[in-house]
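Notes follow once the structure below has been shown.
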Amino acid sequence: MKELIEVLAQSLADHPEEVTVTETEKDNEIIYELKVAQDDMGKVIGKQGRIAKAIRAMVKAAASRTDKKVTVEIGQ
C-alpha cells in the first residue's frame, strides 16, 4: 500500500525524490502520511482536491481486503 502511494505521488511530482510516505498503525486503523515538496502540493491535491480524493479512493479499494480503516493524509 505504501508503495502504491509513493508511485502515484512520484508520477505527479516535479521533485519525486522529496516524496515520502510514513505508515502508522493504531488499533483498527492505518494512517499513511504523504509528504511532498511545497511546489508539488498543488499537483498532488489537484483542483478542488480531485487528485487527493482519487488517491484516497484507490488506497481504500486496495485496502478493502483488510478489516482495517485506511487514511491518507497529505502534508509538507
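Each residue takes its place number in the sequence, starting with 1.
The nearest pair of heavy atoms linking His15 to Ala37 is CD2-CB, 4.1 Å.
Among residue pairs with one or both ends in residues 1-13, none qualify as salt bridge (charged side-chain N to carboxylate O under 4.0 Å, His left out); sequence neighbours excluded. Residues in residues 30-53 take part in these side-chain hydrogen bond (donor to acceptor under 3.5 Å, both in side chains) pairs, two or more places apart or across chains: Asp14-Lys43, Gln38-Gln76, Gln48-Arg50.
Val7 and Val44 end up in different hydrophobic clusters when Ile, Leu, Val, Met, Phe, Trp and Tyr side chains are linked at under 4.5 Å.
A search for side chain to side chain contact (heavy atoms under 4.5 Å, CB included) contacts involving Ile51 returns Leu12, Ile55, not counting sequence neighbours. Partners of Glu29 under the side chain to side chain donor-acceptor pair (under 3.5 Å) rule, at least two apart in sequence or in another chain, are Thr71. Here Lys68 pairs with Glu25 under the salt bridge (charged side-chain N to carboxylate O under 4.0 Å, His left out) rule; sequence neighbours left out. For Thr22, there are no side chain to side chain donor-acceptor pair (under 3.5 Å) partners, not counting sequence neighbours. Partners of Ala62 by side chain to side chain contact (heavy atoms under 4.5 Å, CB included), not counting sequence neighbours, listed by chain and number: Met1, Leu4. Applying the side chain to side chain contact (heavy atoms under 4.5 Å, CB included) test to Ala52 and every residue at least two apart in sequence or in another chain returns Arg56, Ile74. In this view, Lys60 satisfies the salt bridge (charged side-chain N to carboxylate O under 4.0 Å, His left out) rule with no residue, not counting sequence neighbours.
The local environment of CG in Asn28 is crowded, with over 12 non-hydrogen atoms from other residues, nucleotides or ligands closer than 6.0 Å.
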- Please walk me through it: do Glu73 and Leu34 pass side-chain contact (heavy atoms from CB on, under 4.5 Å)? CA-CA 6 Å; Glu73 297 176 353; Leu34 170 62; over 6 Å; no
- Message: Set out, in order, the CA-CA distance, both residues' side-chain angles and the distance that settles side-chain contact (heavy atoms from CB on, under 4.5 Å) for Lys69 and Ile30, then state yes or no.
- Response: CA-CA 6 Å; Lys69 180 182 175 187; Ile30 301 172; over 6 Å; no
- Message: Does Met41 form a side-chain contact (heavy atoms from CB on, under 4.5 Å) with Val36? I'd like the steps, not just the answer.
- Response: CA-CA 6 Å; Met41 284 296 291; Val36 296; 3.4 Å; yes
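Cluster note: Ile31 groups with no other residue, as no ILVMFWY side-chain heavy atom lies under 4.5 Å from it.
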